2 protein chains.
Amino acid sequence: MIRKDLTPAMEDYLKGAYLLRERGEDITVLALAEALKVTPPSVTGMVKRLAGLGLIEHTPYRLIELTPAGTAVALEIVRHHRLLELYLAEFLGMAWDEVHSEADRLEHHISEDLEERIAERLGQPAIDPHGDPIPARDLTLPERDLVRLSALRPGVQATIARVSNQEPGLLHYLGTLGMVPGAVVTFVEVAPYGNVVTVKVGAGKGAVHSIAGEVASRVLTMPTSDEVAAPH
Amino acid sequence: MIRKDLTPAMEDYLKGAYLLRERGEDITVLALAEALKVTPPSVTGMVKRLAGLGLIEHTPYRLIELTPAGTAVALEIVRHHRLLELYLAEFLGMAWDEVHSEADRLEHHISEDLEERIAERLGQPAIDPHGDPIPARDLTLPERDLVRLSALRPGVQATIARVSNQEPGLLHYLGTLGMVPGAVVTFVEVAPYGNVVTVKVGAGKGAVHSIAGEVASRVLTMPTSDEVAAPH
DNA sequence: CTAGAAAATTAGGTAAGCTTAACTTCGGTA
DNA sequence: TACCGAAGTTAAGCTTACCTAATTTTCTAG
Ligand SMILES: [Mn+2]
Ligand SMILES: [Mn+2]
Ligand SMILES: [Mn+2]
Ligand SMILES: [Mn+2]
């Protein structure tokens, strides 16, 4: 398996496909086009090229799938991305809402040697600033099962483990509320009308904040108590 | 002056042109082609495009020149390159013969924000691991006048200030001899035939090494004594 | 002052990666 | 079961950045 020399564009498509699957979504032409901010014909063309390289499996008009080789490339790029994010936050003081765009460019240009040096400085970390898992050197991933903040029952306490969204605006907003990975929150209530949930942030008599349901659903938590999620 | 959005290729041509001039050489199509490892027609084409952007001045079949705007772009990239080299050496333990190729790719992809954070961690440095001057934030350059090791007189003591060559092989070789920026050397003699010079490396009773004249001419020094250079 | 060689340019072509416009296919509803 | 809209593909074309082969210009040596 001496395949390398992929272009940044190819790497981005493979990573995009991988991240869709990570979120449990189907890998479709349209979903990829939206994720990469290109038009559908661009995706069709690139999918053909990547299929020719054995990195993607595709029959026209059907769903797209990554081959094991394609998954390996994607994991390699995801590892670069998340290591860079953590390094930039940890050693260069970048905010968690700034690291994504920087890492998105650099991920394609660091050598395997530099990747390893960065991982070493960070102590071979498993989690990035957003709580996203970092693939290990052998490309294996730690599994955790997390519960959406929006799916907790009133009264349940949980630790924020991951925010599965990279928009700087949203991340900055959550940061100002103290809702970052590691923070403890308690679910208070869901509004009877409209899609709003109220949570207490902090262990003791923390501040109470109401956030949109769409936001709460991007915040993944590890519940502390036993009665975990709300039914349905 | 809101011109930006140059491609990595464009930045490399501008940087290449700048580095030729830094070494006192003419900027010709052939020299650029060799520096960038492309063919002459590629240079002709790119020079036209850059001239169209006002970054290069060129009349067909004559010498190429950077405009002030082109020089500014080149200095910005050189700053990125040399800051990255120093950062990689200083904070990530890379050897001075490994940093160049890594920096050559990353220089095009770091944001101005990251550039500034790196410069800050390094204490706004003026010199990179090879002794090359780092353009300041305002793109000004410190001037030093240095003497080629090959041009010293026997008996003269000098401090190595810069090695103007990036080949990993040569750098590694000089490293094993202890001939790195900051090292003190004493010129011993030049061989009566062939192009070989002998130097003592180290302040006290240092080791004596003979190196090729072409190598010694890439090693730039700051003489300690007054009787500086050999005549002619 | 005029050959030739060296340097540079032009001509013609490829490949990646993107676009818009026009089409085909698929799958769910009436 | 036939239609219709959404999803996907094909067609045609653009830009960047390379290449090789052919041609033109310049400069130098005789
Ligand atoms: Mn990317
Ligand atoms: Mn992340
Ligand atoms: Mn470069
Ligand atoms: Mn350098």
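Just so it is clear, the model here is predicted, and its values are computed rather than measured. Convention: sequence-line order gives letters A, B, ...; per-chain numbering from 1.
Put simply, NZ on B:Lys37 is 17 Å from C1' on D:dC19, counting in whole angstrom units. Put simply, CD on B:Glu11 is 15 Å from P on D:dT16, counting in whole angstrom units. For B:Leu32 and C:dA7, the CG to P distance is 14 Å, given to the nearest whole Å. In this entry the distance linking CG of A:Asp12 with P of C:dA16 reads 17 Å, nearest Å. Whole-Å rounding puts the A:Asp5 CG to C:dA15 P distance at 17 Å.
Checking the phosphate oxygens (OP1, OP2) of D:dA17, no side-chain nitrogen or oxygen of B:Ser42 falls inside 4.0 Å. At D:dT16, none of the side-chain N or O atoms of B:Arg49 fall inside 4.0 Å of OP1 or OP2 (strictly under the cut-off).
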Practice problem: Going 5' to 3' through nucleotides 1-15 of chain D, assign each nucleotide B (protein heavy atom under 4.0 Å from a base atom), S (under 4.0 Å only from sugar-phosphate atoms) or - (no protein heavy atom that close). | Solution: ------SSBB-----
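Other residues, nucleotides and ligands place more than 12 heavy atoms under 6.0 Å from the CD atom of A:Glu115. By the neighbour-count criterion of 12 heavy atoms within 6.0 Å, atom CZ of A:Arg105 is densely surrounded, having more than that number from other residues, nucleotides or ligands.
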Practice problem: Kindly determine whether B:Arg121 and B:Glu90 satisfy salt bridge (charged side-chain N to carboxylate O under 4.0 Å, His left out), including the steps that lead there. | Solution: CA-CA 10 Å; B:Arg121 291 301 132 145; B:Glu90 195 93 335; over 6 Å; no
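In this structure, the ring of B:His130 has its center no less than 6.0 angstrom from the ring center of B:His100.
Going from atom CG of A:Asn195 over to atom CD of A:Glu214 covers 5.0 Å, rounded to the nearest 0.5 Å. In this structure, the separation between CG on B:Leu19 and CD on B:Glu22 is 5.5 Å, given to the nearest 0.5 Å.
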